[in-house]
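Report on the structure given below.
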Protein chains: 2
Amino acid sequence: MMSMYTKNINTHLVEIKSYFKVAISVDCVIFGFNGNELKVLLIESDLKEYKGKWSLLGDIVRPDEELDEAAYRVLKARTGLDDLYMEQVQTFGAINRHPAGRVITVAYYSLVNIEHVELKKHNNDLHWHAIKDLQNMAFDHKQILDTCHERLKQQVMVQPIGFNLLPKKFSLRELQNLYEAILDVELDRRNFRKKFLSMDLLMDLNEEEEDVPHRPAKLYKFNFDKYDQRKKRYLGIGF
Amino acid sequence: MMSMYTKNINTHLVEIKSYFKVAISVDCVIFGFNGNELKVLLIESDLKEYKGKWSLLGDIVRPDEELDEAAYRVLKARTGLDDLYMEQVQTFGAINRHPAGRVITVAYYSLVNIEHVELKKHNNDLHWHAIKDLQNMAFDHKQILDTCHERLKQQVMVQPIGFNLLPKKFSLRELQNLYEAILDVELDRRNFRKKFLSMDLLMDLNEEEEDVPHRPAKLYKFNFDKYDQRKKRYLGIGF
DNA sequence: ACAAAAGTGTTAGATTTACACCCATGA
DNA sequence: TCATGGGTGTAAATCTAACACTTTTGT
């Protein structure tokens, strides 16, 4: 008699008998930044169980579709945008997390330039929500959102991904506002500027803000090429 | 007419029509440490497609089972151990990753004290493998292993989880060997000791190694209580 | 001239790195 | 007495953190 322990998906099993009614979905936490606050793109659920509550954007993964593909499909359908920064974060599979049955969902977050997202007519139930003061979302979506936000906090300290949330040209103040919004801390302006300028990865565009009621700030863009060419990746904080 | 974009799993769908033949599994990267090398517990696959190749330990998730539960079940079945450090890492769902059909797998890593694992008779196809010089595993398991190892590297810098791989009582040399094995770097002995001793989280047990052919080292244990009570969790490297 | 945000340097403290010798034990 | 690894301190360099005034622009 064969032990149950050796009969599993990676060894003796040839025909999968254990299929059961389960669906796989992806859910996207789409972050945006309006210059001040970190936002997330949400839709109002109209499942009767969650009527009127806010829900992440997600969909079932199709039989012939990779997980990442499904996430990109959702993102593209909702924002019209391609070529976005996206990262798989975690999978949520609590037995009763979806009222329609067992739905296991793979959570992604993505970072978009909020100005590039046109909320189309058929998407008029989509809204950008400040991540602060969000409670009471549909399903386990608050938990998913929190987990993704936590991951974003970690990543932004260690990789130059925040720039995906900014316009191509940005001021140091905008950059600092972004970090403060993501990390939910206040940072010292002089130290922040010193830090970023000393990385030598911001290109001074010799342009300035316009139409501001005060001294205009210089505009920069991030030098991704230079970053990619650097061989050493140091441990610890800082890129 | 309703747009396709609004008809999805989180909103209008009430009955899930998109069920298709898919199975969910968990795969566990079980790390152990023998005092010198980082090891992983593997089994020889005997699926005909992967005959003789090394495979992670995994199984199908049952219909009434949480993901974490499934991972703990696999771990317990294979190691006899409960109450282990375990962390979900990533989900792998490439369309053809499993020859028996669409199997989406949630990868976990766990850290066990290698001395506590008794490889039982019915488990005599289980082996501890050095993570170096491992190639050519079954399925996408090399990729899963690498991803989990990468995550372990990150976590061990920032949280006191490495101690799960050591005996309760350990010397500073063992601790350093562990870090060197996980991170695959050489560390300066004096600086390493200074760093850990200055954290003030190692309890000096006033005991020494025995039966060593040289000056015996002092033994310590990690003070988890003290760690838990500390309120501040600093950013950056170091707990 | 005023309001509002941009821009700029220095200092003290903490952390990191590099580095060499004596000590305790068993064989 | 020898071989082996255990144990220890200091100095230089780097990084972090705290902190205030002048500049530029629009109104």
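Every value quoted in this text rests on a predicted model; they were computed, and no experiment measured them. In what follows, every heavy atom counts, from backbone to side chain, and hydrogens, waters and symmetry copies are set aside.
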Protein-to-nucleotide contact annotation, 5' to 3' order, nucleotides 19-27 of chain C [B base; S sugar-phosphate only; - none; under 4.0 Å, heavy atom] = BB--BBBS-

Between atom CG in A:D204 and atom C1' in C:dA6, what is the gap in whole Å?
-> 13 Å

Let me know the distance between CD of B:Q176 and C1' of D:dG7, rounded to the nearest Å.
-> 12 Å

Here the distance between atom C1' of D:dG26 and atom CD of A:E209, to the nearest Å, is 13 Å

Is it true that A:K218 and A:E207 have a side-chain N and a carboxylate O under 4.0 angstrom from each other?
-> no

Check: A:F222 ring centre within less than 6.0 Å of A:F224 ring centre = yes

For the residue pair A:F139 and A:Y50, is the inter-centroid distance of their aromatic rings smaller than 6.0 Å?
-> yes

Salt bridge flag under 4.0 Å for residues B:K132 and B:E37 = no

Atom CG of A:L187 and atom P of D:dA17: how far apart are they, to the nearest Å?
-> 10 Å

Length of the CZ-P vector between B:F170 and D:dG6, whole Å | 15 Å

Taking the six-membered ring for Trp, are the ring centroids of A:W54 and A:H141 within less than 6.0 Å of each other?
-> no

Does D:dT16 have OP1 or OP2 sitting under 4.0 Å from an N or O in the side chain of A:K195?
-> yes

In whole Å, what is the span from the CZ atom of B:F192 to the P atom of C:dT16?
-> 13 Å

Whole-Å gap separating P (C:dA6) and CG (A:L219) | 11 Å

Can you tell me how far P of C:dT15 sits from CZ of B:R193, to the nearest Å?
-> 20 Å

Please state whether the rings of A:F196 and A:F192 are parallel, tilted or perpendicular, taking 30° and 60° as the class boundaries.
-> tilted

